[in-house]
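Every chain is numbered from 1, with letters handed out A, B, ... down the list of sequences. Predicted model, so just to flag it, every value in this text is computed and none were measured.
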Amino acid sequence: MNSQLPAFTQAVFAVVKGIQKGQTMTYKEVAMAAGQPSAYRAVGNILNTNYNPDIPCHRVVRSDGTAGGYNRGVDQKIAILTSEKALKFSSNR
DNA sequence: GAGCTGACATGTT
DNA sequence: CAACATGCCAGCT
């Protein structure tokens, strides 16, 4: 069957798409919701490598509530999250 | 010193 | 080469 279907990515997309406006979710949260809490690295990789326009990956932030990074440019992410008032702080690290 | 988290790097398919 | 999954390493608490 569709063994080629990375359920992990499917779950990640579903979770991230379910994030409400003004709300952010951490990599760990998404990874856990995806069923693999140890794959939070992969979450960033998926979003970084394959950005889906249906997925507000800019709402996926680090555990600190900071933006962390963004494949489109952190500035873009900062601006969006700031507009949503969902961003705690810009790249603090 | 130990534990947790990363938008990277490497490996495999 | 692209995409997914896991690991090493570095930084913070």
For this session: Would you indicate, yes or no, if dG6(B) has its OP1 or OP2 atom less than 4.0 angstrom from a side-chain nitrogen or oxygen of Ser63(A)?
Result: yes

Problem set entry | N or O in side chain of Gln36(A) less than 4.0 angstrom from dC4(C) OP1/OP2 | no

For this session: Apply side-chain contact (heavy atoms from CB on, under 4.5 Å) to the pair Asn52(A) and Phe13(A), showing each step before the final yes or no.
Result: CA-CA 8 Å; Asn52(A) 285 48; Phe13(A) 290 163; 3.5 Å; yes

For this session: Calculate the interatomic distance between Tyr51(A) atom OH and dC4(C) atom P; express it in whole Å.
Result: 15 Å

For this session: For atom CD of Gln20(A), decide whether the heavy atoms of other residues, nucleotides or ligands shown that lie under 6.0 angstrom number more than 12.
Result: no

Exercise. Does a side-chain N or O from Asn48(A) land closer than 4.0 Å to OP1 or OP2 of dC8(B), or not?
Worked result: yes

Problem set entry | Distance, rounded to the nearest Å, where Met32(A) contributes CE and dC4(B) contributes P | 10 Å

Seminar exercise, completed: Taking dC4(C), dT6(C), dG6(B) as options, the one with an atom nearest any side-chain atom of Ile46(A) is dC4(C)

Exercise. If you look at every strand shown and take non-hydrogen atoms under 4.0 Å, does Asn50(A) touch a base, only sugar-phosphate, or nothing?
Worked result: sugar-phosphate

For this session: Determine the contact category for Tyr40(A): base if any of its heavy atoms lies under 4.0 Å from a base atom, sugar-phosphate if only primed atoms, P, OP1 or OP2 are that close, otherwise nothing.
Result: base

Problem set entry | Out of dG6(B), dT6(C), dC4(C), whichever nucleotide has its closest atom nearest the side chain of Thr9(A) | dC4(C)

For this session: Using a 4.0 Å heavy-atom cut-off across all strands, classify Val60(A) as base, sugar-phosphate, or nothing.
Result: base

Exercise. Taking all atoms of both residues into account, what is the closest heavy-atom pair of Gly65(A) and Val61(A), and its distance?
Worked result: CA-CG2, 4.0 Å

Exercise. Once you round it to whole Å, what is the distance between C1' of dT10(B) and CG of Asn45(A)?
Worked result: 10 Å

Problem set entry | Lys17(A) (side chain) donor-acceptor with Val12(A) (main chain) under 3.5 angstrom | no

Problem set entry | Side chain of Arg41(A) (C-beta onward), nearest among dA3(C), dT5(B), dC8(B) | dC8(B)

Problem set entry | d(CD, Glu29(A); P, dG6(B)) in whole Å | 10 Å

